[in-house]
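Working notes for the structure below.
No hydrogens, no waters, no symmetry mates; every other heavy atom, side chains included, goes into these values. A note on names: the letters A, B, ... follow the listed sequences, proteins ahead of strands, and every chain is numbered from 1. Only a predicted model underlies this, so the values are computations on that prediction, with no experimental measurement involved.
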Amino acid sequence: MRDVENLPEIPPELQGTVKLTTFDQLFAWARKRSLWPMLFGLACCAFEMIAAAASRYDIARFGMEIMRPSPRQADLLIVSGTVTKKMAPQVVRLYNQMPEPKYVIAMGACAISGGPFKEGYAVVSGVDKLIPVDVYIPGCPPRPEALIHAFLALHARFEHERIRDLKAYQKGVDDGIPIPSLGPDLVDWRRFEPLMEEAEPVKEAIHG
Amino acid sequence: MAEEAQVQESVQVKGMPQEVFQALSEHFPGEIKPARYEGALVPAGKIVEVIRFLRDEMGYCFLSNLTATDYYEVKGVEPHLDVVYHLFRMQGGYAALHVEIPRELEKAHLPSVTSLFPSAMLQEREVYDMFGIRFDGHPDLRRLLMWEGFDGYPLRKDWKEVYYEGETKPYKSRYPKGGHPIYAEELSPLKDNIRYPEGWAPQEWDYDEADRLLYERMLSAHRDPDKPLKTDEMIINFGPHHPSTHGVFRMAVRLDGETVRHLEPVFGYLHRNHEKIGERNTWIQNIPFTDRLDYINGMTNNWAYVIALEKMLGLEVPERAEYLRVIVGEFSRIVNHMLAAGFFSNELGLYFTGSLYALEEREHILDLFEELSGARMMFNYMRPGGVRYDLPEGWLEKAKALAYERIPSKVEQMQHFLLDNDVVKARTMGVGVLPPDVAMASGITGPVLRASGVAYDIRRAEPYSLYDQLDFDVAVREHGDAYDRLAIRFDEIWQSLRILRQVLENIPEGPIVAKKPSHRLKVPEGETYGRIEAPKGELGFYLVSLGKFNPYRYHIRSTSLLNLTALSDMTRGLKVADIVTVLGSIDLTMGEVDR
């Protein structure tokens with residue numbers, strides 16, 4: 001924002017044809033109008049996501065009607081429903097395959113915390129235990145309007161993002177999030193490896 | 001006089017016609033006893049013979065439901081596992097068979113009935129997965145919903161989940177004192193919904209174990225030793241993330257070139273523990289959970305559950321409530337079938353065009369439902385003994401305008417676009433043919449069964465609610481291919497519109513609920529199996545009550561899961577592109593498949 005205010009003034013005769021802006025602003029403007037969600041339905045909320053894409057709510061108005069089935073062509077992962085332990089490795093794998101900069105919306109109570117099924121033995125209590133989440137929408141399921149609100153919240157966020165802060169333009173290689181495995185229960189290696197280094201006292205903690 | 005005396009002497013059983021029980025007792029002298037609550041108790045070794053006798057001699061041609069109950073620490077009952085079979089004839093109620101087997105893992109064995117009824121194929125796998133009962137002679141006994149290697153058998157009563165707080169709800173922390181919520185994460189040892197068995201060594205575990213048995217099965221099943229050309233076959237995975245699988249459904253396919261040699265569906269990617277949670281819930285608390293089963297048809301899910309509950313409570317439903325139930329039920333059927341046809345056209349490659357027509361009508365019907373119940377998808381509308389809300393002002397006029405004018409014209413349009421379309425015909429005619437005998441034996445119900453030429457509709461075979469007074473036809477098609485399965489959905493929409501015409505005109509005034517249901521509902525001791533004709537087929541609930549505030553066993557007989565039993569056979573020999581055609585024509589909802 002600050003940069004926009006510091007731009008030089010355009011001579012009056014050119015004001016109709018020339019507009020000065022920063023590259024960050026231009027980038028945000030372009031990205032706001034071409035956010036591609038992934039066609040990825042998990043549970044009940046997927047139906048409200050489809051309804052949001054259909055004629056009455058029509059997310060094409062926000063430049064995002066192109067739902068890509070392939071994660072490699074998508075910028076936005078809408079976690080629309082309950083993430084089960086069996087599905088968790090696939091969710092992380094899909095997230096890793098998306099190109100940066102990428103965003104995640106946790107749609108509905110299940111994706112936020114496990115929701116009505118939280119106490120179940122096969123349910124991950126919140127997708128943010130696996131992948132970073134940018135926007136949470138409450139509801140069971142949230143209405144399509146709520147999903148559109150989440151898109152607008154993301155768009156507002158783009159305005160404040162600078163290219164030099166974005167992860168995609170940083171140096172170094174990112175291996176992505178280690179994919180959880182299915183053992184006797186879900187094994188999240190990020191949590192497990194530090195535990196393993198310490199062996200005995202921790203083993204007691206694991207087995208309760 | 002002599003006959004009367006004989007009837008009085010003989011044992012009275014519930015859950016099975018009296019003459020069937022007598023025939024069984026005569027055929028298997030001294031071995032058949034009445035079970036605890038309903039049906040006949042059969043010794044474990046005899047179950048295959050008894051079911052064969054019922055099928056061949058008594059006409060019980062349909063094994064609808066197979067599940068188990070774990071009796072553990074119940075007062076006055078020896079701990080044991082109770083396996084229950086619900087068999088149906090074309091008319092006249094069910095016959096329930098019970099088998100009691102010991103709880104110890106090594107002794108929990110039972111002969112498989114898959115040779116008689118392929119419909120037991122997936123259900124026996126589920127019972128093995130959830131209770132650890134091994135079925136001898138089952139061709140492919142793997143876990144169904146959890147993965148291989150998962151620790152424990154979750155539906156056993158002594159298996160507690162990580163976030164376990166109490167045996168039954170409402171939990172002490174919230175009721176009656178309240179205000180002391182327990183944060184499950186903080187109490188669990190790993191601060192998460194995770195637990196590992198004692199002495200488990202993560203480095204030594206084989207993490208491919210989860211899929212090893214599946215791939216062994218894939219490589220061995222339906223091999224052709226006399227194949228003329230020694231071509232290499234390959235295994236590919238469809239899903240669990242695939243745009244054409246209606247959610248998180250996975251199919252492992254063995255291909256020879258582009259021809260399907262074997263297909264194995266893999267379930268459990270949306271297993272949300274409905275049954276374990278349902279056993280902790282109070283009877284009323286389960287109603288909103290049923291909404292989330294087949295999330296397109298919350299209304300009919302509610303209906304199936306309250307019908308089972310009303311059977312146990314012996315409640316009469318007021319006439320106005322029955323009318324309301326039929327109205328929302330038939331609207332729900334229209335939504336479901338339009339969406340089914342729409343998404344089927346997605347599968348054929350008409351990317352979203354067909355479904356947009358369906359989704360537009362869905363919004364109109366959902367507006368009606370929202371006005372009535374307050375929610376777009378999760379209605380929580382029905383209660384034992386009636387419904388929750390009466391019609392708002394002007395609702396009937398809107399519903400009539402929709403049912404008489406708008407929907408018929410739109411359905412006609414959509415039907416013309418899809419059924420008279422040469423491309424659709426070329427892709428679907430003769431694809432995925434399901435013969436009627438295979439369909440019956442595989443436990444397939446609903447439009448899929450009727451498209452194969454079997455005129456079986458629970459609304460006619462075992463009328464519930466108002467359906468015996470209503471005038472409608474059971475839609476039947478005879479080829480059993482994907483085209484007929486698409487066409488029959490339109491036939492059924494027309495019948496539903498015909499029903500709506502009758503009920504919307506004649507809805508009487510009166511109360512909408514028998515008596516105000518208590519939130520602390522107590523159900524008399526017993527068990528029951530209640531079912532309705534949901535849009536996708538037979539949706540049943542098996543409930544066991546010990547006379548308390550919570551169900552002791554809450555089992556959902558899922559339509560979508562059973563309709564997938566024959567998927568492997570239907571796709572054998574087809575091309576890859578036809579797999580999604582067959583899958584789309586079956587019409588499934590993953591929430592109901594995995595529960």
Do the non-hydrogen side-chain atoms of Ile277(B) and Phe117(A) ever get within less than 4.5 Å of each other? yes
Pairwise side-chain contact, Trp205(B) with Val187(A), heavy-atom cut-off 4.5 Å (strictly under): no
Output the option from [options] having the highest count of non-hydrogen pairs under 4.5 Å with chain B.
options                                  : result
Gly41(A), Gly126(A), Pro116(A)           : Pro116(A)
Ser125(A), Gly183(A), Pro69(A), Ser55(A) : Gly183(A)
Cys140(A), Ser70(A), Gly81(A), Ser80(A)  : Cys140(A)
Cys110(A), Pro71(A), Pro144(A)           : Pro144(A)
Val83(A), Thr82(A), Val91(A), Val124(A)  : Thr82(A)
Gln90(A), Arg93(A), Met87(A)             : Met87(A)

May I have the step-by-step check of salt bridge (charged side-chain N to carboxylate O under 4.0 Å, His left out) for Lys118(A) and Glu161(B), ending in yes or no? CA-CA 11 Å; Lys118(A) 177 175 177 169; Glu161(B) 54 272 56; over 6 Å; no
If you count heavy-atom pairs under 4.5 Å with chain A, which of [options] comes out on top?
options                                    : value
Val248(B), Leu145(B), Asp206(B)            : Val248(B)
Asp367(B), Asp208(B), Thr589(B)            : Asp367(B)
Arg272(B), Arg362(B), His271(B), Met146(B) : Arg272(B)

I'd like to know if Arg56(A) pairs up with Glu360(B) as an ion pair, taking the criterion as any Lys NZ or Arg NE/NH1/NH2 lying under 4.0 Å from an Asp or Glu carboxylate oxygen. no
Does any backbone or side-chain atom of [X] lie under 4.5 Å from a heavy atom of chain B? Answer side chain, backbone, both or neither.
X         : result
Met38(A)  : side chain
Glu119(A) : both
Ala46(A)  : neither
Lys129(A) : side chain

Can you see which heavy atom on [X] is nearest to which on [Y], and at what distance?
X        : Y         : result
Lys86(A) : Gly268(B) : CD-O, 3.7 Å
Ala51(A) : Glu363(B) : CB-OE2, 3.5 Å
Phe47(A) : Leu339(B) : CE2-CD1, 3.6 Å

Portion of [X] that has a non-hydrogen atom of chain A nearer than 4.5 angstrom:
X         : value
Arg376(B) : side chain
Tyr164(B) : neither
Met590(B) : neither
Glu370(B) : side chain
Phe249(B) : neither
His274(B) : side chain

Between the main-chain N or O of Asn193(B) and the side-chain N or O of Lys85(A), is there a donor-acceptor pair closer than 3.5 Å? yes
Spell out, as yes or no, whether a donor-acceptor pair under 3.5 Å connects the side chain of Asp185(A) to the backbone of Arg195(B). yes
Do Leu359(B) and Ile50(A) pass the side chain to side chain contact (heavy atoms under 4.5 Å, CB included) test, and can you show the C-alpha distance, the side-chain angles, and the key distance before you say yes or no? CA-CA 9 Å; Leu359(B) 285 164; Ile50(A) 293 168; 3.5 Å; yes
From [atom1] ([X]) to [atom2] ([Y]), nearest 0.5 Å:
X         : Y         : atom1 : atom2 : answer
Trp147(B) : Leu186(A) : CH2   : CG    : 6.0 Å
Asp192(B) : Asp188(A) : CG    : CG    : 8.0 Å
Leu182(A) : Phe150(B) : CG    : CZ    : 10.5 Å

Ring geometry between Tyr121(A) and Trp159(B) (parallel below 30°, tilted from 30 to 60°, perpendicular above 60°): perpendicular
Got more than 12 heavy atoms from elsewhere within 6.0 Å of CZ, Arg164(A)? no
